[in-house]
Structure formats: structure tokens, C-alpha cells
Amino acid sequence: MSPLQVFNTLSGKKEDFTPLTAGTVLMYACGPTVYDLCHLGHARMAIVYDVIQRYLRYSGYKVTFVRNITDIDDKIINRAAEIGLRPEQLARENTYNFWRDMHALNITSPDIEPRATEFIQAMIAFATGLIDSGHAYVSGGDVYFEVATFKQYGKLKKQDLQELVSGAREQVRSQSALKELKRSPLDFALWKSAGSGEIGWESPWGHGRPGWHLECSTMIKNVLGETIDIHGGGEDLVFPHHENEIALSESLHGHPLARYWLHNSFVQIDAEKMSKSLGNFKTIQDLLKTYSADTIRLLLLQTHYRGPIDFTGESLTAAGHGLQRLIRATQAVSSEEAAELIAAATPETSELDFQIMQKFRGEFTAAMDSDFNTASAVAVLFNIADQIFLETKAQTRLSYISALTSIAQTLGLTLEDTSHKVGNDTASGIIELLLEIRASARAKKDFATSDLIRDRLVQLGVKLMDTAGGGTEWEKS
RNA sequence: GGCGGCAUAGCCAAGUGGUAAGGCAGAGGUCUGCAAAACCUUUAUCCCCCAGUUCGAAUCUGGGUGCCGCCUCCA
């Protein structure tokens with residue numbers, strides 16, 4: 001298979017990618033906690049793993065891609081209480097929003113999309129297993145994982161237990177209630193007890209709900225298995241979330257949770273992290289009002305996934321201009337001309353197609369095999385565009401165009417020209433303009449023009465009604 | 001305080017030992033009734049600073065400076 005190399009957070013190095021079972025990839029990415037709308041950061045995460053997944057399939061792997069939805073969590077409960085919804089209502093609403101955004105961004109649906117609330121019994125079993133093996137303890141209706149029992153704790157973040165303990169001590173001093181319950185400040189909750197009026201499930205430890213880290217560990221185990229090939233997420237999940245997942249899964253199973261840990265970097269606004277707590281985030285919905293999914297995707301792909309992107313208003317506009325160039329390139333042969341050329345195809349032209357495709361696929365593959373270097377891969381697209389504009393033979397241009405669209409597709413770019421689609425407000429304005437021209441024609445008794453406008457609008461589904469006062473009204477017929 | 005990352009043209013950004021991809025913006029040109037768009041050409045003797053290793057470094061080593069992230073919910 002291909003000499004793909006990926007950067008593994010666990011080793012801190014690029015490594016040759018060899019999946020557990022040759023030819024197949026089990027891949028899991030941490031999905032959203034559905035308590036609010038998704039922002040550009042979620043878009044980056046989703047697009048990064050979408051492209052990785054697409055490329056692995058393109059490379060010939062049989063991929064099972066799982067992305068979860070965390071639909072029970074303190075953030076959901078708190079937000080729901082603020083706005084007067086039941087937690088499950090809020091979670092459902094934002095799950096729909098998330099799906100709509102993913103669809104709008106041309107993100108491939110995951111093969112399996114487990115939701116945390118579907119796996120409560122499995123989580124209880126997981127936690128019970130950890131208690132029985134001495135890795136977890138019950139305390140006041142909660143269940144905590146005892147970090148000291150997992151000697152490798154800190155291996156993902158590359159910090160030893162002692163350093164983490166001294167760092168954590170400061171933080172936890174204020175949380176006096178928890179201090180009573182936890183043996184060590186690093187211990188984290190697998191199960192949190194809930195009041196009788198609160199959302200929760202029955203468990204051996206009473207009414208309660210699962211902790212975040214347990215959710216992912218359990219879903220991976222139940223959906224993909226005990227060891228998977230790729231586990232991904234945003235870089236902020238390295239610690240504590242992924243470190244804790246490792247501690248849970250590896251304590252219970254005794255072997256690695258994931259062979260390769262991939263983490264994408266952040267989107268920044270004015271050189272600062274974009275986050276909900278800073279209030280400087282852009283929702284996907286807002287961005288899609290102004291920019292196409294391709295524009296957003298191109299902007300994100302022009303930077304390597306492990307580097308931060310400083311988002312500015314201009315950067316999206318610049319990406320949009322670049323995208324235009326690629327779209328123009330695909331239009332360098334008209335559709336009629338293309339149909340003729342395809343009809344007239346010969347073994348020689350097929351050979352030309354093949355050679356051009358091979359050349360650029362080779363460059364594309366070389367870029368992507370180097371830890372998914374999408375920035376270099378995007379450069380290949382622009383190089384093909386150059387060739388298209390320089391090429392004088394239509395037949396050859398067509399070959400380049402098919403190479404361009406094929407590679408763009410693997411990156412999830414549609415190269416669909418949206419510049420000729422107008423919104424309803426614009427369409428209404430255009431109708432008003434036509435009515436003005438028609439009124440002027442009628443005033444000059446130019447009824448040929450006036451009737452042409454009326455007939456053509458009727459064909460387009462717009463009915464005109466001249467009123468007694470000389471004005472004209474319109475409506476959709 | 002601990003750990004990690006980054007520093008390449010006006011802006012964004014690839015490149016980890018062999019002589020600087022790509023995008024945007026700018027300049028010149030082609031086209032054009034005017035305008036816009038589009039296309040073509042062009043744009044870093046040099047990669048934060050200092051010292052070192054090497055035939056050779058943006059790329060490796062040591063030191064310095066600056067910026068950012070994680071250590072608390074966060075993609």
C-alpha cells in the first residue's frame with residue numbers, strides 16, 4: 001500500500017502508517033458536544049478529518065469512520081436550564097443544526113455516528129469493569145478513575161504524573177467539594193450522581209449521568225473495538241480528554257487504544273484562540289451566508305492541519321478569489337465542446353487523459369502522503385489550472401480539466417460555480433427593474449418590447465398585472 | 001511555574017541538508033464602446049538574531065528574542 005506518513009502525537013514524530021489489519025482503517029474522531037451552534041473551529045475539525053478519510057479511501061483503504069455526538073454533558077444541562085429547555089430538546093436541536101452545517105460544508109457522513117445516550121448501559125459496564133479491576137472507586141454516588149493506578153498517565157501530553165499533580169493542585173484548591181470526594185486532584189469522574197429531578201439514568205451507584213471521557217472510550221470499544229488505527233480531534237483535546245480516554249481504555253483492556261493520534265490545530269481570530277468563552281467565534285451558519293463551502297474549505301486546506309490559522313476577513317475573500325480561478329479553469333472547455341470531444345474519443349486521447357491524470361495524481365499523492373499536506377496538494381490544483389489556461393488544444397485542455405476536478409473531489413471541493421446563482425432579494429430587484437423598462441417601453445408605445453418582457457416573465461413563472469392607474473403588479477404564478 | 005508548538009515576500013502559506021511550491025494583493029501587458037471580469041508576464045540572492053557542525057543549512061546543534069497553545073469547559 002502507499003508509503004503514507006502521519007504525525008503521531010503519541011511519539012511526536014512522523015511515522016509510516018501501517019494499520020492493524022492491512023488494507024483497512026478504523027478511525028474515530030471526537031465529534032461535537034451539542035449545546036450550541038457550530039463555529040469555524042468545528043468546521044476545521046470536520047473538514048480535516050473529512051479530507052483524511054476521503055484520502056485514505058482514495059488510497060485504497062477500506063475505512064470505517066466513526067464520529068460521535070456527545071448529547072449528554074454538563075454544558076448541555078446548564079445551557080438548557082438557562083434557556084428553559086429540557087436537555088434532550090437542546091441536544092436534539094443542536095444535533096440537527098450540526099447535521100445541517102456538515103451537509104452544507106460537503107462533509108461526508110461518517111459510517112457510524114453514535115450518540116452518548118445510546119450507550120449508557122455500555123458505559124456502566126465499562127465503569128464497573130474499572131472498579132472491579134481496582135482502577136476506579138465509588139465516592140458519594142460518583143465514580144472516579146484513580147489516575148495513580150495507570151502508570152503511563154501523561155504519555156500523550158508527555159508530562160509525568162508528578163508534574164501534573166503539582167500543576168493541578170492550584171486549580172483544585174477552590175473546588176473544595178470535589179476535594180472531599182477525590183483521592184487525588186487528577187482523578188476524574190466516570191459517573192456523576194444527579195438529583196432526582198435532574199436528567200439521569202439508574203446505575204449501581206444510583207441516579208446519575210456519565211462523564212465525558214467515559215463516553216468516548218465506551219463508544220470506541222463498542223463500535224470499533226479495543227484498538228483502533230486512528231483517533232483524532234482538536235489539539236485542545238490532547239489533555240485531558242484523550243489522555244483520560246487512554247487511561248480508561250488501556251487500564252481495562254491492557255493494550256493500546258489507538259495506534260495513531262492525530263490532532264488538528266486551531267482557528268484563531270486576530271492571533272487569539274477562537275472560543276466560546278472568549279466570545280469571538282464565527283458560526284458556520286453566519287459564514288455560509290457570505291462564503292461558499294468551497295471557499296471555506298479552500299481556506300482551511302491552504303494551511304497544514306497541524307498549524308494554526310489566523311482567520312481574518314480578508315483571508316476568506318482571498319480564498320474566494322483563488323477558488324474563482326480554479327472554477328474558471330474547469331470552464332475552459334464549454335459543455336457542448338466537451339460532449340463533442342468525448343464523442344470523438346480515440347485510443348490516443350484516452351492515453352493522453354491517462355498520462356495527464358497519472359502525472360498530477362502522482363504529485364497529489366506525494367503531497368498527501370506526507371502527513372496530509374493539503375497546502376501542497378492545493379498547489380497541484382493551481383498548477384493544473386495554469387496548464388489549462390496555457391494549453392491551446394481543446395482536447396488536451398479537457399484532459400487537464402478532468403484531472404483537476406478529480407483531484408479537487410478527493411479534497412472535497414466541488415468547484416461548482418455559484419457565481420450565477422442569485423438570492424430571492426436580487427431576483428425581486430431584477431423583476432422590478434424589468435417592470436421599469438417595460439413601463440418606459442409602454443410609454444413610448446413600444447409594445448413589442450413590453451410584451452416580450454411580460455411573456456418571458458410568465459415563462460419564468462412570474463405573472464404581471466397592469467392596473468388601471470398605469471402601474472404594474474407582479475406575483476409568482 | 002510545568003509542558004508543547006511556531007517565527008519564510010506587503011498579507012497568507014508549503015518546504016526539515018543541495019541551492020526558495022502555491023494563493024491573495026501589487027506592477028506591466030492582452031482583451032474591451034466605457035466599466036468590471038478574465039487571461040499572460042512579473043514580484044524573497046534569501047528564510048527572527050548570534051555562534052557552531054558541514055563541501056554545502058531556511059532546513060542540523062547551542063544560545064538569545066518574539067508570538068501562541070495546553071495544564072480548567074472548549075474543535
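Keep in mind that the numbers below use all heavy atoms, side chains included, and drop hydrogens, waters and symmetry copies. A, B, ... follow the sequence lines: proteins, then strands. Residue 1 opens every chain.
The separation between A:D386 atom CG and B:rU41 atom P is 7 Å, rounded to whole Å. The distance from atom CD1 of A:I76 to atom C1' of B:rC74 is 13 Å, rounded to the nearest whole Å. Computed from coordinates, the A:L186 CG to B:rG2 P distance equals 18 Å when rounded to whole Å. Across the protein-nucleic acid pair, A:L298 atom CG and B:rG22 atom C1' stand 10 Å apart, rounded to whole Å. As rounded to whole Å, 12 Å separates atom P of B:rG15 from atom CD of A:Q5. As a whole-Å value, the separation of A:F7 CZ from B:rG15 P is 12 Å. The interatomic distance linking A:Q302 (CD) with B:rG15 (C1') rounds to 16 Å, in whole Å. The separation between A:H263 atom NE2 and B:rC74 atom P is 13 Å, rounded to whole Å.
In terms of position on RNA chain B, the residue among A:A377 and A:H304 whose nearest nucleotide sits closer to the 5' end is A:H304. Each of A:R306 and A:F389 has a nearest nucleotide on RNA chain B; the 5'-most of these lies closest to A:R306.
B:rC40 and B:rC24 have their P atoms separated by 11 Å, given to the nearest Å. Taking atom P on both nucleotides, B:rA21 is separated from B:rA9 by 14 Å, rounded to a whole Å. The P atoms of B:rA7 and B:rA58 are separated by 15 Å, rounded to the nearest whole Å. Spacing between B:rU16 and B:rU59 at atom P, rounded to whole Å, works out to 12 Å. As rounded to the nearest Å, B:rG18 and B:rC46 have C1' atoms that lie 15 Å from one another. Straight-line distance between the P atoms of B:rG17 and B:rA13: roughly 23 Å, to the nearest whole Å. Annotation: B:rA27 and B:rC67 have their P atoms spaced 34 Å apart (nearest Å). To the nearest whole angstrom, the two P atoms, one in B:rU53 and one in B:rC68, are 35 Å apart.
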Donor-acceptor contacts under 3.5 Å from residues 380-395 of chain A side chains, at least two apart:
from: A:N383; atom 1: ND2; to: A:A379; atom 2: O; distance (Å): 3.3
from: A:D386; atom 1: OD1; to: A:R325; atom 2: NH2; distance (Å): 2.3
from: A:E391; atom 1: OE2; to: A:K393; atom 2: N; distance (Å): 3.0

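A heavy atom lying under 4.0 Å from RNA chain B marks none of the residues of residues 92-101 of chain A.
Counting atom types as modelled, A:K157 pairs a side-chain N or O with a base atom of B:rC70 as donor and acceptor under 3.5 Å.
Across all strands shown, B:rC74 has no partner, as no Watson-Crick or G-U wobble contact with both distances under 3.5 Å is found. Using Watson-Crick or G-U wobble geometry with both donor-acceptor distances under 3.5 Å, B:rC48 finds its partner in B:rG64. Base-pair partner of B:rC34: not found among the strands shown (Watson-Crick or G-U wobble, both distances under 3.5 Å). Pair assignment for B:rU59 gives none, since no Watson-Crick or G-U wobble pairing has each distance under 3.5 Å. Nucleotide B:rU41 forms a pair with B:rA27, judged by Watson-Crick or G-U wobble geometry with both contacts under 3.5 Å. Within the shown strands, B:rC3 is the pairing partner of B:rG69 under the Watson-Crick or G-U definition, both distances less than 3.5 Å. Using the Watson-Crick or G-U wobble rule with both distances under 3.5 Å, B:rA20 pairs with nothing in any strand shown.
Nucleic acid contact class of A:R328 (heavy atoms, under 4.0 Å, all strands): sugar-phosphate only. Among the atoms of the strands shown, only primed sugar atoms or phosphate atoms (P, OP1, OP2) are found under 4.0 Å from some heavy atom of A:R325. Contact annotation for A:T303: backbone-only contact, meaning every heavy-atom pair under 4.0 Å involves sugar-phosphate atoms and none involves a base. Among the protein residues, A:N383 comes within range of the sugar-phosphate backbone only, with heavy atoms under 4.0 Å from sugar or phosphate atoms but none that close to a base. Residue contacts for A:Q324: at a heavy-atom cut-off of 4.0 Å it reaches no nucleic acid atom on any strand shown. Using a 4.0 Å heavy-atom criterion, one finds that A:L237 contacts the sugar-phosphate atoms exclusively. Contacts of A:A379 with the nucleic acid, taken as non-hydrogen atoms under 4.0 Å apart, include base atoms.
Taking the six-membered ring for Trp, A:W212 and A:H241 have ring centres closer than 6.0 Å. Two rings, from A:H263 and A:H242, have their centers less than 6.0 Å apart.
Taking only side-chain nitrogens and oxygens, A:N373 comes nearer than 4.0 Å to OP1 or OP2 of B:rG15. Taking only side-chain nitrogens and oxygens, A:R397 never comes nearer than 4.0 Å to OP1 or OP2 of B:rC39. When the side-chain nitrogen and oxygen atoms of A:H321 are compared with OP1 and OP2 of B:rG23, none of them lie within a distance under 4.0 Å.
Across B:rG23, B:rA75, B:rC71, the shortest atom-to-atom separation from the side chain of A:N264 is found for B:rA75. The side chain of A:S376 approaches B:rA21 more closely than any other nucleotide in the set B:rA75, B:rA21, B:rG22. Across B:rA14, B:rG69, B:rU41, the shortest atom-to-atom separation from the side chain of A:E235 is found for B:rG69.
Under the side chain to side chain contact (heavy atoms under 4.5 Å, CB included) rule, A:F372 has a single partner from A:V6, A:V51, A:V48, which is A:V6. Each of A:W261, A:Y49, A:F65 was compared with A:H231 under the ring-ring contact (aromatic ring centres under 6.0 Å, His included) criterion, and only A:W261 meets it. When each of A:K14, A:R306, A:K13 is paired with A:D371, the salt bridge (charged side-chain N to carboxylate O under 4.0 Å, His left out) condition holds for A:R306 and for no other. When each of A:T374, A:T410, A:N373, A:L56 is paired with A:M368, the side chain to side chain contact (heavy atoms under 4.5 Å, CB included) condition holds for A:T374 and for no other.
Judged by distance alone, the side chains of A:S249 and A:S217 do bring a donor and an acceptor atom under 3.5 Å apart.
Ion pairing of A:K359 with A:E363 is present here, as a side-chain N (NZ or NE/NH1/NH2) and a carboxylate O approach within less than 4.0 Å. For A:R57 and A:D111, the salt-bridge test passes: some basic side-chain N is under 4.0 Å from an acidic carboxylate O.
Every residue was checked against the side-chain hydrogen bond (donor to acceptor under 3.5 Å, both in side chains) condition with A:E93, not counting sequence neighbours, and none meets it.
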